[in-house]
Amino acid sequence: MVESIRRFHEQPQEAKMEWYSRDFSRKVNYYSSGDIKGRAKPVPAEWKDTLSCRAADDQWDFDALPELCRSPIDTGYLKSIKLSGHYYPACPEPDLTLGTIKHSDPSLLTLVLQDKSNGLQVLHNDQWVDVPLVDGAFVANIGDFMQLLSNDKFMSVKHRVLASPLGRPRISAVSFFLPSAENRIKPCGPIKELLFDNSPPIYRITSYVEFMNHNRVVGQIGGRVLPHFKL
Ligand SMILES: O=C(O)CCC(=O)C(=O)O
Ligand SMILES: [Fe+2]
């Protein structure tokens, strides 16, 4: 997986231009510096390139993927609906920027497979803590929608990635798990089994689609999505 992401990004620029687009209705996009257009100002540009692929109606179309990435992708892994293959080029002045700025994922759960480079950090007690590299292991990040459904029993994690110092690029494969297509429009809220007299619902009923639409709006003004859904 990581090697196929490397192969894609390390091609000459011309070979990648076919995929270069920020039209996220496409199945595959290649772009630099994250969602820079959808962000609040002043947010620094991110020192990374991304190949992102999504499954329309939960069906992966392997023929739509860049040829270099097709065969090594294990279909068992692709049960999620969106996959980002990040490539953080070595940065000459890593202290002046970030690879990925501070955020929490709007997903239910995110699995991150890292290559052999450090850089991922989580915010814990107001301190940035390095996520240790464990060979072959996934990092599992709780997303904002999981926090809503679990009524704050599982809290989403704020994280960021430092820019890669000179030496070698950092590569990660990030897989976002969302409700399935038919469940994305269904009304849902904190799950009943987690509600008690002394633990009433914190969030109102919504749907994943409404949640994501609002996430796009607050993302542009630098806000957080969850407070909007609080009762
Ligand atoms: O590259 C990484 O390790 C994490 C990237 C990330 O947080 C994301 O794509 O949401
Ligand atoms: Fe993330």
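Atoms within each ligand, like the ligands themselves, are counted from 1 in listed order.
- Taking a cut-off of under 4.0 Å to the non-hydrogen atoms of R170, the atoms of ligand 1 that pass are 1 (O), 2 (C), 3 (O).
- For the Fe ion (ligand 2), the nearby protein N/O/S atoms, meaning those under 2.8 Å, are H103 NE2, D105 OD1, H159 NE2.
- Each of E18, H9, R22 was scored for a side chain to side chain contact (heavy atoms under 4.5 Å, CB included) with Y30, with one residue passing: H9.
- The proximity of D105 to ligand 1, defined as any non-hydrogen pair under 4.0 Å, is limited to the side chain.
- For Y87, no heavy-atom contact with ligand 1 is shorter than 4.0 Å.
- Within the structure, the closest approach of K48 to ligand 1 does not fall below 4.0 Å when heavy atoms are considered.
- With hydrogens and angles ignored, the 3.5 Å screen pairs a side-chain donor or acceptor of Q147 with a backbone N or O of S156.
- Between R160 and ligand 1 there is no heavy-atom distance shorter than 4.0 Å.
- Using 4.0 Å as the threshold, H86 has a heavy atom nearer than that to some atom of ligand 1.
- Contacts between S84 and ligand 1 below 4.0 angstrom, taking non-hydrogen atoms only, are absent altogether.
- Screening R170, E10, K48 for a side-chain hydrogen bond (donor to acceptor under 3.5 Å, both in side chains) involving Y87 leaves a single residue, E10.
- Those atoms of ligand 1 that come under 4.0 Å of a heavy atom in S172, given as number and element, are 1 (O), 2 (C), 3 (O).
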